[in-house]
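Notes for the one structure printed next.
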Protein chains: 2
Amino acid sequence: MPTAEIFRALGDPIRLEMVQRLSSGSSYTLTSVSTNLGISRQGARKHLDVLQHAHIVVLKPHGRDVFVELEPATFDAAKEFILNVEKQWDRRLAKLKLFVEED
Amino acid sequence: MPTAEIFRALGDPIRLEMVQRLSSGSSYTLTSVSTNLGISRQGARKHLDVLQHAHIVVLKPHGRDVFVELEPATFDAAKEFILNVEKQWDRRLAKLKLFVEED
DNA sequence: AGTATATGCAACTAAATAGTTGCATAATAA
DNA sequence: TTATTATGCAACTATTTAGTTGCATATACT
């Protein structure tokens with residue numbers, strides 16, 4: 001899964017809200033994740049498609065309703081990217097400091 | 001800065017590439033960040049606008065050229081979000097485990 | 001002074017996104 | 001069985017995005 005697609009999926013207030021609900025709440029079906037977001041059920045459903053394609057979420061049909069579950073493993077790629085950028089940036093600054101200090 | 005906007009800015013392969021260059025490389029001007037991306041200078045410039053509005057990057061004009069610098073502090077919001085989701089998710093699983101085990 | 005370089009700004013197009021409404025269907029509840 | 005609920009699918013619109021080209025301008029180099 002390309003990192004950009006994960007970030008892209010997280011790059012929307014409604015989808016972030018969904019993720020937050022899923023991470024903290026108990027059990028969620030499609031409708032329960034989709035209510036009180038200020039948009040229609042079908043609108044919300046499209047957002048869930050985005051999260052699903054980015055493997056942030058898994059949909060598990062169960063009788064008449066569909067349960068939505070978070071897939072926390074996916075966050076690791078995003079986390080790694082950020083941590084790496086910060087690490088490399090720190091190294092840059094360290095090198096720069098050495099360069100400035102040498103004379 | 002809303003978290004979603006930061007994620008959104010990172011949610012594109014070209015912008016991710018720019019960020020990676022900036023985190024590791026030495027000194028970058030607008031043109032040097034914008035070359036070898038497969039798009040035109042003006043196309044790349046628009047991506048830099050996105051990164052700038054999300055405060056991921058700062059532009060510092062200097063004579064005829066403009067230097068581009070990373071703003072690593074901004075990544076903290078994104079990192080916090082991810083860490084929080086993972087933490088809450090772990091708590092959920094722990095609680096669930098307790099619930100299942102109790103009888 | 002004249003040329004080359006780094007950048008900015010604007011107009012335009014094609015494609016993707018976010019959202020809607022309407023209708024259909026399968027599973028549950030009364 | 002009839003009504004209700006959870007969902008799916010499709011068509012449609014408005015807006016945003018990604019990219020382009022063309023032209024203007026200011027700084028730097030020779």
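Here is the naming used below: chain letters follow the sequence lines, and residue numbers restart at 1 for every chain. All values below come from the heavy atoms of this structure, side chains included, with hydrogens, waters and symmetry mates left out.
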Practice prompt. Check whether any side-chain heavy atom of B:Arg21 lies under 4.5 Å from a side-chain heavy atom of B:Asn36, and answer yes or no.
Written response: yes
Worksheet, complete the sentence: Between CG of B:Leu30 and C1' of D:dT27 the distance, given in whole Å, is 14 Å
Discussion item. If I compare all heavy atoms of B:Val68 with all of B:Leu22, which pair ends up nearest, and what's the gap?
Written reply: O-CD2, 3.6 Å
Response to the item:
Correct closest heavy-atom pair for A:Ala9 and A:Leu51 would be O-CD2, 3.9 Å
Discussion item. Tell me if a side-chain donor or acceptor on A:Ser32 pairs with a main-chain N or O of A:Tyr28 at a distance below 3.5 Å.
Written reply: no
Response to the item:
Separation of D:dA6 atom C1' from A:Tyr28 atom OH, nearest Å, is 17 Å
Worksheet item: Roughly how many Å is it from CG in B:Asp49 to P in D:dT16, rounded to a whole number?
Response: 16 Å
Worksheet item: For B:His53 and D:dT17, what is the distance between atoms NE2 and C1' respectively, to the nearest whole Å?
Response: 14 Å
Discussion item. Can you see if the side chain of B:Thr29 gets near the phosphate of C:dA6 - specifically, an N or O under 4.0 Å from OP1 or OP2?
Written reply: no
Fill in: Smallest separation among heavy atoms of A:Leu30 and A:Leu48, with atom names
CD2-CD1, 3.3 Å
Worksheet item: Relative to the 5' end of DNA chain D, which residue comes earlier, B:Val50 or B:Asp65, by the nucleotide with the nearest heavy atom?
Response: B:Val50
Worksheet item: Do A:Ile82 and A:Phe7 pass the side chain to side chain contact (heavy atoms under 4.5 Å, CB included) test, and can you show the C-alpha distance, the side-chain angles, and the key distance before you say yes or no?
Response: CA-CA 11 Å; A:Ile82 292 180; A:Phe7 281 129; 4.0 Å; yes
Worksheet item: Just by protein heavy atoms under 4.0 Å, how would nucleotides 19-25 of chain D read 5' to 3' in B, S and -?
Response: BBBB---
Worksheet entry | Base D:dT5 to side chain A:Arg64, donor-acceptor N/O within 3.5 Å cut-off | yes
Practice prompt. For B:Phe67 and C:dT7, give me the distance from atom CZ to atom C1', rounded to whole Å.
Written response: 13 Å
Discussion item. Does C:dG19 have OP1 or OP2 under 4.0 Å away from a side-chain N or O of A:Arg45?
Written reply: no
Discussion item. When you measure from the side chain of A:Thr74 to the backbone of A:His55, do you find a donor-acceptor pair of N or O atoms at a distance under 3.5 Å?
Written reply: yes
Practice prompt. Could you check which of D:dG8, C:dG8, C:dA6 has an atom nearest any side-chain atom of A:Val66?
Written response: D:dG8
Item to complete: Round to the nearest Å and state the distance from A:Leu48 atom CG to D:dT7 atom C1'.
Response: 12 Å
